[in-house]
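Notes follow the structure.
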Amino acid sequence: MSSWIPASEQRVAVITALAANVAIAVAKFGASAITGSSAMFAESLHSLADSVNEVLLLLGARRARRPADLRHPFGHARYRYVYAFIVSLTVFWIGGVLAVIEGVSHLSAHEPLGDPRWAFAVLAVAAVLEGLSLRTTVRAGRPTKGGLSWQELLQATKAPEIIVVFLEDLGALIGIAIALIGVSLATVTGVEAWDAIASIAIGVLLMTIGLAVNRETQSLLVGESAAVDVVFTIREAIEGTDGVEALVELRTIHVGPDDLVIAAAIEVDPSRDAIAITRSIVDAEAAVREVTPFRTVIYIEPRLPAPPPSPGGGSRVG
């Protein structure tokens, strides 16, 4: 199953997450100011970081649409990977580290909570909005998910938006649950430390998500090959072309989620003339473009069959 996801569905998932996170961030900051809850402040930072991240993803997608030029002959599609990498740093530092610092500072402050009903109400609304955002992301990935698990899809997909938004939405729901537990325990027991501990836990969660996104986007930035099923389809298309005796070598690399560079070496019959060989190369390129859902740059090199070993080529026994 290909890990390709239409750009329009990726964009819808990002915009939906952005709208939800902006509304949630405003509500959480308000509840944090009223209640003085450290966990609510951590969740406010969480939603703020998520909102900034969605803006970065949209900016990266916009810059990626710039056409190729002399300095960038393969286009600018990797901007989507660059901005997703920046997102991982934002999640780790703005969301995670600051939340941990907030929680640690409140452990020694022993500040009482205000009216916790504000926190409960905001967390309930946030859970609904984040759930809707996660549902949109799941729907965007479902057509290409097939039999893959979500973990396998996140590792296979070349679309950084799906990686970021899915982990953000999932992390947001977990963070809301942590904040709810922390505020509830602090309210019931009267021990404010539970609220601070929840803030620290949310920070650790966000740092974990930031590291996961960082790992995946680093791999995309370095350059990943096409998915296994895509490579198999390309191989079949080339090998099934008239005039191709064998596929000697095949390499692929994604220079963007929707952009694929293919380099291949084929074995041709040495008795054929240059025009016939060129026609086979053109036919092979056309066959590949028909079966791949990406914008492709294809290089196919013809090679002559390796000469058979000479009868006397073995080592002599003295």
Side-chain angles (χ1 to χ4, degrees), residues 1-14 17 49-50 52-68 71-93 95 137-138 140-141 143-146 148-171 206-234 250-263 292-298:
M1 180 62 65
S2 171
S3 57
W4 178 77
I5 299 175
S8 59
E9 295 185 7
Q10 299 165 21
R11 185 177 176 83
V12 168
V14 174
D50 287 351
V52 172
N53 293 341
E54 265 83 62
V55 173
L56 288 172
L57 290 177
L58 292 172
L59 181 59
R62 181 177 179 180
R63 297 193 71 178
R65 290 196 295 268
R66 293 163 59 183
R71 292 189 64 188
H72 308 90
F74 292 105
H76 298 79
R78 273 188 172 160
Y79 268 123
R80 289 169 67 179
Y81 298 154
V82 172
Y83 278 82
F85 180 78
I86 296 173
V87 161
S88 71
L89 301 180
T90 304
V91 173
F92 186 91
W93 290 103
T137 304
V138 169
T144 53
K145 178 176 175 290
L148 298 176
S149 67
W150 277 102
Q151 181 179 357
E152 291 171 335
L153 178 65
L154 294 179
Q155 292 174 341
T157 184
K158 311 305 177 184
E161 296 85 356
I162 293 298
I163 298 173
V164 172
V165 175
F166 179 82
L167 290 179
E168 279 185 355
D169 290 342
L170 184 61
L206 291 174
M207 287 191 287
T208 303
I209 292 174
L211 290 174
V213 174
N214 185 279
R215 181 187 61 203
E216 294 299 326
T217 52
Q218 276 192 56
S219 179
L220 293 171
L221 271 173
V222 171
E224 289 188 357
S225 63
V228 174
D229 61 315
V230 175
V231 173
F232 180 78
T233 302
I234 293 172
L250 176 62
R251 297 188 183 188
T252 63
I253 185 171
H254 271 275
V255 295
D258 309 313
D259 298 84
L260 184 66
V261 176
I262 303 168
T292 53
F294 309 104
R295 292 185 294 267
T296 54
V297 176
I298 306 173

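We use all heavy atoms of the structure for the numbers below, so side chains are in, but hydrogens, waters and symmetry mates are not.
When atom types are taken as modelled, the side chain of Thr157 and the backbone of Ala159 share a donor-acceptor pair closer than 3.5 angstrom.
Ring planes of His76 and Tyr79: parallel class, angle under 30° (limits at 30 and 60°). Aromatic ring pairs are classed by plane angle as parallel below 30°, tilted from 30° to 60° and perpendicular above 60°; the pair His254 and Phe294 is perpendicular.
Two residues are said to be in side-chain contact when any heavy atoms from C-beta on lie closer than 4.5 Å; Val91 and Val213 fail this criterion. Counting heavy atoms from C-beta on, the side chains of Glu168 and Val87 come closer than 4.5 Å. Here the side chains of Leu250 and Ile262 are in contact, with some heavy-atom distance below 4.5 Å. A 4.5 Å side-chain heavy-atom check between Thr252 and Val230 finds every atom pair outside the cut-off. Contact of the Glu54 side chain with the Val165 side chain is registered, since non-hydrogen atoms from C-beta on lie closer than 4.5 Å.
The distance from atom OG1 of Thr90 to atom CZ of Phe85, rounded to the nearest 0.5 Å, is 10.5 Å. Separating the CH2 atom in Trp93 from the CE atom in Met207 is a distance of 9.0 Å, to the nearest 0.5 Å. Within the model, atoms CG of Asn214 and CG of Leu89 stand 6.0 Å from one another, a figure rounded to the nearest 0.5 Å. Between atom CG of residue Leu206 and atom CG of residue Leu211 there is a gap of 11.0 Å, rounded to the nearest 0.5 Å. Between the CG atom of Asp50 and the CD1 atom of Ile209 there is a distance of 8.0 Å, given to the nearest 0.5 Å. In this structure, CD1 in Ile163 is found 11.0 Å from OG in Ser88, a value given to the nearest 0.5 Å.
Ion pairing of Arg80 with Asp258 is present here, as a side-chain N (NZ or NE/NH1/NH2) and a carboxylate O approach within less than 4.0 Å.
Partner Ile253 forms a side-chain contact (heavy atoms from CB on, under 4.5 Å) with one of Leu260, Val261, Asp259 and no other, that one being Val261.
More than 12 heavy-atom neighbours from other residues, nucleotides or ligands sit within 6.0 angstrom of CZ on Arg66.
Listed here is the closest heavy atom pair of Leu220 and Pro160: CD1-CB, 4.5 Å. Ala226 and Val231 make their closest contact through O-CG2, 3.7 Å (heavy atoms, listed as atom of the first residue, atom of the second, distance). Considering every non-hydrogen atom in both Gly256 and Ala77, the closest pair reads CA-CB, 3.6 Å. When every heavy atom of Tyr81 is checked against every heavy atom of Val255, the shortest pair comes out as CE1-C, 4.4 Å.
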Would Val52 and Leu56 count as a side chain to side chain contact (heavy atoms under 4.5 Å, CB included) here? Give the steps. CA-CA 6 Å; Val52 172; Leu56 288 172; 4.1 Å; yes
